[in-house]
Amino acid sequence: MWDRTKERNESMDQKKEEAIIRLEGLGKQFATSNGTVTALDDINLEIRRGEIFGIIGLSGAGKSTLVRCINYLEEPTSGRVIFEGKNLSAMKEKEKRLARQSMGMIFQQFNLLAQRNVLQNVCFPMEIAHMDSRKAKERAKELLKLVGLEERMKAYPAQLSGGQKQRVAIARAMATNPRVLLCDEATSALDPNTTKAILALLKKINREMGITVIMITHEMAVIEAICDRVAIIDHSHIVESGKVSEIFSGPKSDIGRQLILGDASGQKENFGNSRLIRVIFDGRESSEPVIANMILACKAPVNIMHADTRDIEGKAMGQMLLQLPEDEVDAGRICNYLKTAGVAFEEVR
Ligand SMILES: Nc1ncnc2c1ncn2[C@@H]1O[C@H](COP(=O)(O)OP(=O)(O)OP(=O)(O)O)[C@@H](O)[C@H]1O
């Protein structure tokens, strides 16, 4: 008997490998009174359908320009944006408008309309798309439920917290049924706990609705928390890209090393009464420096309380008791790293 689930999963896997967006030789220059500024130079990237793709770089590297060129908020000076197999610049106006509606966008500063309440903000893009107002309201309510804000439909942006404003912005970005969500520093104005909640929401939208997410950020922790693959941009160029776990464990570019490893010297960590975890080694290559890589990637030390590991024919076996830093964000990064790297561990207290 043939297995429908397996068939569906295989077809989803194939779809995942498919490029939804391809950037080919993309360039953007700005003419300023001080001469020409090159914000992007020969950018080549492939973003796969259904993935969460991160683009990270320092301030001024070209991140915002890149994301704005992807949906033609800025017209590239050279190169091509291929969306679902079609060249955006070769599209007629109507087709281009539909393609742009398929790419929702959220921003660091939320960009909500202050004079409109939450429901009206979410309805706004549907009004512009001339959707029937009753249907628009119904859809807006569904979206507000999805982002957990159905109770605040009548509130105005000024009455909301940063995290709530970003939830409204996410609901609004989803209003036109986009297949891609572009997030420009979406969590940079939020505190760590709110950041975590917004990232969890974006991940849920990605996994449950199959929406491709592109995250622009200067924070490695954001990439680490939810991205499948990442590209590092520096001085208008992509300097490296690949799976997050691979880039994290061995950044090749100078800027990659700086972003991932940072300045690990001079850190004073407080362990106090912090969490203990037991890391289990059950046969991975003993030559792989798991704990050292973790410390470098997370830029946070751990306290090795006890270790009982041995090398059996090149395989690491045994366990290690680690005390995590007291700082919750650092401890969370370490746990996330271990999960991403597929290292088994359990909480001891
Ligand atoms: N409209 C513009 N006119 C002139 N120069 C611009 C314009 N937009 C961006 N730039 C320049 O292009 C370069 C890349 O800017 P961009 O905002 O894309 O970088 P970024 O990585 O997003 O930085 P940040 O995180 O600080 O916003 C910078 O040198 C910037 O000054």
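Residue indices begin at 1 and follow the sequence shown. Atoms within a ligand are numbered from 1 in the order they appear, just like the ligands themselves. None of these values were measured; they are calculated from a predicted model.
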Worksheet item: Would you say atom 31 (O) of ligand 1 has a protein heavy atom nearer than 4.0 Å?
Response: no

Got the closest protein heavy atom to [atom], with its distance?
{"atom": "atom 17 (O) of ligand 1", "result": "Ser64 CB, 3.9 Å"}
{"atom": "atom 26 (O) of ligand 1", "result": "Ser59 OG, 2.6 Å"}
{"atom": "atom 29 (O) of ligand 1", "result": "Val37 CG1, 4.0 Å"}
{"atom": "atom 12 (O) of ligand 1", "result": "Ala39 CB, 3.4 Å"}
{"atom": "atom 4 (C) of ligand 1", "result": "Phe30 CB, 3.4 Å"}

Discussion item. For Ile233, state whether at least one heavy atom is located under 4.0 Å from any atom of ligand 1.
Written reply: no

Worksheet item: Any heavy atom of Gly60 sitting closer than 4.0 Å to ligand 1?
Response: yes

Fill in: Lys63 (side chain) donor-acceptor with Leu58 (main chain) under 3.5 angstrom
yes

Show me which atoms of ligand 1 lie under 4.0 Å from any heavy atom of [X].
{"X": "Thr32", "value": "4 (C)"}
{"X": "Leu58", "value": "21 (O)"}
{"X": "Lys63", "value": "18 (O), 19 (O), 20 (P), 21 (O), 22 (O), 23 (O), 25 (O)"}
{"X": "Thr65", "value": "9 (C), 15 (O), 16 (P), 18 (O)"}

Worksheet entry | Note: Asp330-Arg275 ion pair, threshold 4.0 Å (strictly below) | no

Worksheet, complete the sentence: On a heavy-atom basis, the closest approach of Leu119 and Lys141 is CD1-CG, 3.9 Å

Worksheet item: Looking at Pro301 and Pro325, what are the two nearest heavy atoms and their distance?
Response: O-CG, 3.3 Å

Fill in: Cationic tip of Lys86 above Phe83 ring, under 6.0 Å, 45° of axis
no

Fill in: Nearest-option assignment for atom 19 (O) of ligand 1, heavy atoms, candidates Gly62, Ser236, Ala31
Gly62

Worksheet item: Counting heavy atoms not belonging to Lys96, are there more than 12 under 6.0 Å from its NZ?
Response: yes

Review item, side-chain donor-acceptor pairs of residues 102-110, under 3.5 Å, at least two apart:
{"unit_1": "Ser102", "atom_1": "OG", "unit_2": "Leu98", "atom_2": "O", "d": "3.0"}
{"unit_1": "Ser102", "atom_1": "OG", "unit_2": "Arg179", "atom_2": "NH2", "d": "3.3"}

Worksheet item: What residues form a side-chain hydrogen bond (donor to acceptor under 3.5 Å, both in side chains) with Arg22, not counting sequence neighbours?
Response: Glu24

Worksheet item: Are Val147 and Leu202 connected, step by step, through hydrophobic side chains (Ile, Leu, Val, Met, Phe, Trp, Tyr) whose heavy atoms are closer than 4.5 Å?
Response: yes

